[in-house]
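See below for the structure under consideration.
Small disclaimer: the values here were computed from a predicted structure and weren't measured. Numbered from 1 within each chain, the chains take letters A, B, ... in sequence-line order.
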Amino acid sequence: MTRVFVPRDSAARSVGADEVAERLAVLAPEVEVVRNGSRGMLWLEPLVEIETPAGRIGYGPVAPEDIDGLVAGGMLAGARDLAACLGSVEALPWMRQQQRLTFARVGVTDPLSVDDYTSYGGLRGLRQALAQTPAEVVETVVESGLRGRGGAGFPTGIKWRTVLGASADLKFVCCNADEGDSGTFADRMLIEGDPFTLIEGMTIAAYAVGASEGYVYLRSEYPDAVATLRAAIELARTEGWLGDDVLGSGSGFVFDLQVRVGAGAYICGEETSMLESLEGKRGMVRAKPPIPALQGLFGLPTVVNNVLSLATVPTILANGAEAYASYGVGRSLGTSVFQLGGNVARGGIVETAFGITLGELVNDFGGGTSSGRPIRAVQVGGPLGAYLPTEQFDLPMDYEAFAAAGAMVGHGGIVVFDETVNMAAMARFAFEFCAAESCGKCTPCRVGAVRGVETIDRIVAGDNREKNLVVLGDLCDLMTDGSLCAMGGLTPLPVRSAVRHFGKDFGS
Amino acid sequence: MTSEVVAASSVPAPGRAVRVREIATELRGLRGSLIPILHAVQEELGYVDQPDVPVIADVLNLSVAEVHGVVTFYKDFRRTPAGRTVVAICQAEACRSVGAVELAEHAKRRVGCGFGETTYDGRITLDEVYCFGNCALGPAVQVGERLHGRVTAARLDALLGDAR
């Protein structure tokens, strides 16, 4: 039976993938329609793939109204002479030039097929882990050089070592899937496209540190991801991948996990605020120390990792720390899942080794703007990341290189803006957003953000411009140094970078 | 202005209190159960009403102030019923780079209410959202349960027309 792949990813659905799949089922009831994850070539969605002896042949973008013509033209037999035909999907330059480790199965498999998962290498990492001692697993992750993909870049293995060394009757693994940063969608696509990988990664983490309960804090704005992950957890329990005797190893290793849905608070992506929220409280940031590794959820030792960090652990265990660490540059080892969004011609997922330049991502993969106008700025790392001009496109994607340039890699999201953008308005928005989303616990963030909006308004209006620019600088210093967490501490990053690189928008 | 709207799912007060207690009792075994309870109440009853708060507080043995604090901290929890269709427009950076602010202004004029408000006839609630994770296919708009990408003003008009 011919297998046809139509993504179930919510980005693909937002441009008609469901209608395409429904129409296909009517036109060709003899084919099997598989709802895979997305390959991450989002400008080609809905991307329909036909399984042929010569590999999977892609067609895209396929609008629901195009389907009848494509089927009549022989799409289901893999006809290559159709305008929408992309040829072999694996052979497309966009795919060939990537090194997909974390995203190896996303877009390839049926996300909720346990058979697909195991036949494409799933569970190899967990089996390898269970054959080792917890301490050995932790050291493997340390040696791999994996750093927190949520944005802070803290070495994952070191965090795990701390939790392993803490003695407690109960420990937790919490996955931060509160992917609130604009321009980031890799967590969502991984959960929607390969949820078992996250479950496997969390299970390995739990084994390594001695935890028995896991929570995935998943934002309410991602209803499809919530449904997919909950379904995957049910299947994993049925298969014995979770539960009282994980993988039936007889080791007595017990682990189960559940999804908790956020409630629309950006601050809950900050790890201590997320823990408060998981405890059923307001998402108020905690002072550190104590660190969550020692006193985390309900005051107990807790691993808190981002989705991508945890989802990368299975490949590290399966293929070894050295194989992973052979990718990347400097202290940024392995691959990172970059996300191209905003005003970009070819938006989507680019998983590649650290060290690729910003310009290669935005121009070579992204193809410039979708509007066709010149690029003016890109924001890297979410709302708290710096705005960079095209002059800085030779910056390598590397935690240290970005920090040295007054920017941050963050969660790897890159948002492109064309020449029509007003950077004073974007700087003002950074403060507005901070004012709206601040938890309110510390004064620099709660009050500073409001004062920031007012100060930018005065600068733009030409009211004591020079003096107010000094005030703005002082305010940014104070927020950077005095805020309790990254919300207030990093809001100055987009603001200052906008003033530095795009001063003329501020009325100079 | 939303207080004039009567939700289709509105349950009379005594029945509502009983149901809220049942939901809270059913879920209270979860660790940190307050937020799952509030989600469940809102999903079934449409919003979290003020009289629900002491009921939930009683079941969880929390103070009314603690529950009130949580309800008001999170944007998701509605204190009044929403309109029949909730239209949420992303206003985050990626969608702004492709015209989401202009799209929102168009929507407000067209619908006749602002963000966080409901039309006088209870037909539409307009909300702003910060990121659906559809950043490569913006502007992103959610109408009811359904997410739409690359939404132009004309496309939004068509979607709003359907939301009657």
Which portion of [X] sits near chain A, non-hydrogen atoms under 4.5 angstrom:
X	answer
Q142(B)	side chain
V129(B)	side chain
I37(B)	neither

**OP:** Go through the steps for F433(A) and Y130(B) under the test ring-ring contact (aromatic ring centres under 6.0 Å, His included), then give the verdict.
**Re:** CA-CA 9 Å; F433(A) 187 68; Y130(B) 289 89; 5.2 Å; yes

**OP:** Examine the side chains of S277(A) and Y74(B) and answer whether a donor and an acceptor come within less than 3.5 Å of each other.
**Re:** yes

Original post:
Does any non-hydrogen side-chain atom of L278(A) lie less than 4.5 Å from one of R31(B)?
Top reply: no

Original post:
If we only count heavy atoms from C-beta on, is the C439(A) to F73(B) side-chain gap below 4.5 Å?
Top reply: yes

**OP:** Find the one option among V67(B), L38(B), L30(B), L62(B) whose heavy-atom pairs under 4.5 Å with chain A are most numerous.
**Re:** L30(B)

Subject >> When R146(B), Q91(B), Q42(B), R150(B) are compared by non-hydrogen pairs under 4.5 Å with chain A, the top option >> reply: R146(B)

Original post:
Is any NZ, NE, NH1 or NH2 atom of the basic residue among E145(B) and R13(A) found under 4.0 Å from an Asp or Glu carboxylate oxygen of the other?
Top reply: no

Original post:
Step by step, would you call R219(A) with C131(B) a side-chain contact (heavy atoms from CB on, under 4.5 Å)?
Top reply: CA-CA 10 Å; R219(A) 60 204 309 264; C131(B) 203; 4.3 Å; yes

**OP:** Grab the two heavy atoms, one from S14(A) and one from N134(B), that are nearest each other, plus how far apart they are.
**Re:** OG-ND2, 2.9 Å

**OP:** Select one option (side chain, backbone, both, neither) describing which atoms of P223(A) are under 4.5 Å from chain B's heavy atoms.
**Re:** side chain

Original post:
Which bit of V421(A) is near chain B, if near means a heavy-atom gap under 4.5 Å: side chain, backbone, both or neither?
Top reply: neither

